[in-house]
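Take a look at the structure below.
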There are 2 protein chains.
Amino acid sequence: MRLVVAECSVDYAGRLSAHLPPARRVLMLKADGSVLVHADGGSYKPLNWMSPPCSLTEEEPDEDQAAAGVRHVWRVRHAKTDDQLIIRIHDLVIDEDVELGVDPGLVKDGVEADLQRLLAEQIDLLGDGHSLVRREHMTAIGPVDILARDAGGAAVAVEIKRRGEIDGVEQLTRYLELMNRDPHLAPVSGVFAAQEIKPQARTLAEDRGIRCLVLDYDAMRGIEGGPARLF
Amino acid sequence: MRLVVAECSVDYAGRLSAHLPPARRVLMLKADGSVLVHADGGSYKPLNWMSPPCSLTEEEPDEDQAAAGVRHVWRVRHAKTDDQLIIRIHDLVIDEDVELGVDPGLVKDGVEADLQRLLAEQIDLLGDGHSLVRREHMTAIGPVDILARDAGGAAVAVEIKRRGEIDGVEQLTRYLELMNRDPHLAPVSGVFAAQEIKPQARTLAEDRGIRCLVLDYDAMRGIEGGPARLF
DNA sequence: ACGTGTATGTCGAGA
DNA sequence: TCTCGACGTACACGT
């Protein structure tokens with residue numbers, strides 16, 4: 001990786017056009033050709049960037065640019081989409097090459113898959129007498145997270161999200177419409193389960209007769225007796 | 001900003017838990033306290049990070065850590081959510097402080113707002129004899145991008161996207177359902193307008209009687225006589 | 001390669 | 001402050 005601090009201006013042309021006026025910024029040029037332009041604020045998103053696959057070429061500044069103090073022009077071209085990033089360097093403050101090697105990568109825990117597994121194991125959170133039919137029940141338009149039966153034996157389709165928003169309700173609605181056309185399954189009721197359910201999503205769900213269920217991940221995990229937190 | 005290259009391991013605990021095994025990585029410590037951990041690949045997203053507002057504190061490594069070669073322990077705490085990032089430094093390769101100043105910021109052009117403005121100005125792209133009623137027509141569940149009337153005076157609701165996907169069709173469908181219940185407006189027909197419409201979205205839209213309209217941004221802009229591209 | 005669903009999404013606008 | 005929708009979303013996964 002090449003780490004650069006420079007006075008520079010940047011132009012992007014691709015799905016939109018964007019321009020950065022001259023200022024001092026940090027440039028990261030990664031081994032795969034990708035480039036990140038960072039300022040001293042914002043969060044992890046760069047001000048501007050080019051994602052791989054792409055390639056960087058150095059050009060000579062033309063007369064106008066040279067007169068305006070441009071020392072180097074870097075053109076980064078996306079290999080497939082023709083998106084371009086042009087970086088005009090006025091002043092190089094730091095320019096370091098660093099050898100990083102291949103990263104062993106991130107290990108994650110605690111996403112939707114866990115919620116689904118835990119709810120399948122603790123299926124009575126849906127209500128007394130519920131039983132699991134299966135996880136990832138396939139339908140023509142995709143898999144329903146959990147298919148269960150209630151105490152009376154009626155089918156229950158469960159859509160699980162970490163955060164329940166309006167999209168998830170739409171998704172579950174499509175599944176329910178389809179499943180209710182299947183005489184072997186109908187009538188199918190819906191449960192929208194999430195760690196947190198946004199008011200608009202709850203309103204829409206309940207308006208459509210879909211039950212909302214807020215999941216307490218820590219409690220579900222505690223019951224299961226999972227590994228302790230790292231710190 | 002502080003730019004660091006270091007052998008380090010990283011742990012995150014917050015909405016999920018995540019761990020990075022020891023390796024050489026680039027750390028960006030921004031002025032607002034936020035931290036980014038980058039490897040030499042991936043795209044602009046860091047392997048791990050903490051977004052502002054947050055604060056960094058340095059701790060002494062305990063005996064076990066010191067024995068394992070840990071020289072420094074940095075703890076980054078989110079001010080509101082208690083998310084934590086712990087960085088254990090085994091080896092500092094580069095450690096530079098850089099003064100960047102406030103960035104003048106990004107200037108954008110060519111997003112959905114432009115499409116909406118241009119279509120409102122060139123409303124006959126919807127068909128001969130169409131007239132604009134208003135942009136951002138409010139309904140109970142949100143604003144419709146454009147409300148127009150066709151040659152016969154019937155209401156037309158337009159949803160505009162840069163890229164037309166299934167979500168946009170669902171959104172327009174909700175608006176149409178609602179608006180068609182209003183006797184002052186009904187019958188309202190729908191137009192789904194985008195620079196590019198995905199086949200599945202087109203199929204769903206047409207199945208629901210919604211017309212699809214592909215917008216040529218460059219042509220619309222050309223007619224308007226906007227500024228030339230930067231390069 | 002394309003479509004779908006998730007994300008520690010991030011970011012900006014509006015209430 | 002919170003909520004919602006857009007994003008150059010990116011990313012993993014299944015077909």
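Just so we're on the same page: letters track the sequence lines, and every chain starts at 1.
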Same-atom distance (C1') from C/dG14 to D/dG8, integer angstrom: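 That atom pair is separated by 24 Å.
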
When you check the phosphate oxygens OP1 and OP2 of [N], does a side-chain N or O of [X] lie under 4.0 Å from one of them?
X	N	value
B/Lys108	D/dG8	yes
B/Ser43	D/dC11	yes
A/Lys161	C/dA7	no

Comparing B/Arg174 and B/Gly42 on DNA chain D - which has the more 5′ nearest nucleotide: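 Closer to the 5' end of DNA chain D: B/Arg174.
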
Within-4.5 Å side-chain heavy-atom neighbours: A/Trp49 and A/Tyr12: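 No, their side chains stay 4.5 Å or more apart.
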
Sugar-phosphate, base or nothing in reach of B/Met50, heavy atoms under 4.0 Å: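 The residue B/Met50 makes no contact with any strand.
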
Sugar-phosphate only, base, or nothing, as touched by A/Thr81 at under 4.0 Å among non-hydrogen atoms: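 No contact.
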
Side chain B/Asp83, main chain B/His78, donor-acceptor under 3.5 Å: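 It does not hold such a pair.
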
For [X] and [N], what is the distance between atoms [atom1] and [atom2] respectively, to the nearest whole Å?
X	N	atom1	atom2	answer
B/Trp49	C/dT10	CH2	C1'	10 Å
A/Glu159	C/dG5	CD	C1'	9 Å
A/Tyr44	D/dC7	OH	P	17 Å
B/Glu136	C/dA13	CD	P	13 Å
A/Asn48	C/dT10	CG	C1'	15 Å
B/Leu16	D/dA12	CG	C1'	15 Å
A/Leu172	C/dT6	CG	P	12 Å
A/Glu196	D/dC2	CD	P	11 Å

First of B/Lys45 and A/Lys80 reached from the 5' end of DNA chain C, by closest nucleotide: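 First, find each residue's nearest nucleotide; the 5'-ward one identifies A/Lys80.
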
Ion pair check, B/Arg75 and B/Glu58, cut-off under 4.0 Å: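 So B/Arg75 does not pair with B/Glu58 through a salt bridge.
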
Geometric class of the B/Tyr44/A/Tyr44 ring pair [parallel <30°, tilted 30-60°, perpendicular >60°]: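 Taking B/Tyr44 first and then A/Tyr44, their aromatic rings sit tilted (interplane angle of 30° to 60°).
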
Paired nucleotide for C/dC11 [Watson-Crick or G-U wobble; both distances under 3.5 Å]: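 Check on C/dC11: paired to D/dG5, both distances under 3.5 Å.
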
A/Tyr12 ring over D/dG8 six-membered base ring, under 5.5 Å and 30°: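 Stacked: centres under 5.5 Å apart, planes under 30°.
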
Evaluation steps, salt bridge (Lys or Arg N to Asp or Glu O under 4.0 Å), between B/Asp11 and B/Arg88: CA-CA 9 Å; B/Asp11 282 285; B/Arg88 294 180 183 84; 2.8 Å; yes

